[in-house]
Amino acid sequence: MKSNLMIAVLAAALSTAGMTAPALAHDGEDHAATPQSAAGDGVIKAVDVKAGTVVIAHGPIPALKWPAMTMKFKVESAAVLNGVTIGKRVHFVLKNEHGKPVVSEIHVL
Ligand SMILES: [Cu+2]
């Protein structure tokens with residue numbers, strides 16, 4: 001089921017790749033021509049289910065031209081945080097929600 005979802009996300013990203021839409025913003029930094037979705041790996045540093053946020057020390061994300069860094073993300077829904085606890089190594093998927101990166105999937109490694 002999860003791999004089907006991944007394919008759906010990628011297909012959606014590809015189908016919208018040619019359209020003009022707000023690019024993923026990165027904490028106020030200006031990154032041109034960023035895609036509608038991207039994935040990265042990292043370590044969970046904090047989880048706030050109530051606020052719907054997660055802090056991830058992530059590696060470089062070449063698709064977004066992001067260097068490695070620790071940053072706070074919003075999650076698409078609280079369900080994304082199921083099983084996600086501090087110290088876990090994760091693979092995560094970001095999607096572009098009105099120009100802001102939102103974590104749509106977290107897979108504990
Ligand atoms: Cu970052």
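Residue numbers run from 1 in the order of the sequence given. Basis for what follows: all heavy atoms, side chains included, without hydrogens, waters or symmetry-related copies. Just so we're clear, the structure is a prediction, and the values are computed from it rather than from any experiment. Just so you know, ligand 1 is whichever comes first in the structure, and atom 1 is the first atom listed for that ligand.
- Scanning for side-chain contact (heavy atoms from CB on, under 4.5 Å) contacts around Ala78 gives Val49, with sequence neighbours left out.
- Residues Val54 and Val90 are not in side-chain contact: their nearest non-hydrogen atoms beyond the backbone lie 4.5 Å or more apart.
- Within the structure, side-chain hydrogen bond (donor to acceptor under 3.5 Å, both in side chains) pairs that include any residue of residues 40-53 comprise Asp41-His91 (at least two apart or interchain).
- Remark: at the Cu ion (ligand 1), atom SD from Met69 and atom SD from Met71 enclose 110°, rounded to the nearest 10 degrees.
- With 2.8 Å as the limit, Thr70 does not count as an N, O or S neighbour of the Cu ion (ligand 1).
- Distances from the Cu ion (ligand 1) to each N, O or S atom of His58 single out NE2 as the nearest.
- The side-chain heavy atoms of Trp66 and Leu94, taken from C-beta on, include a pair separated by under 4.5 Å.
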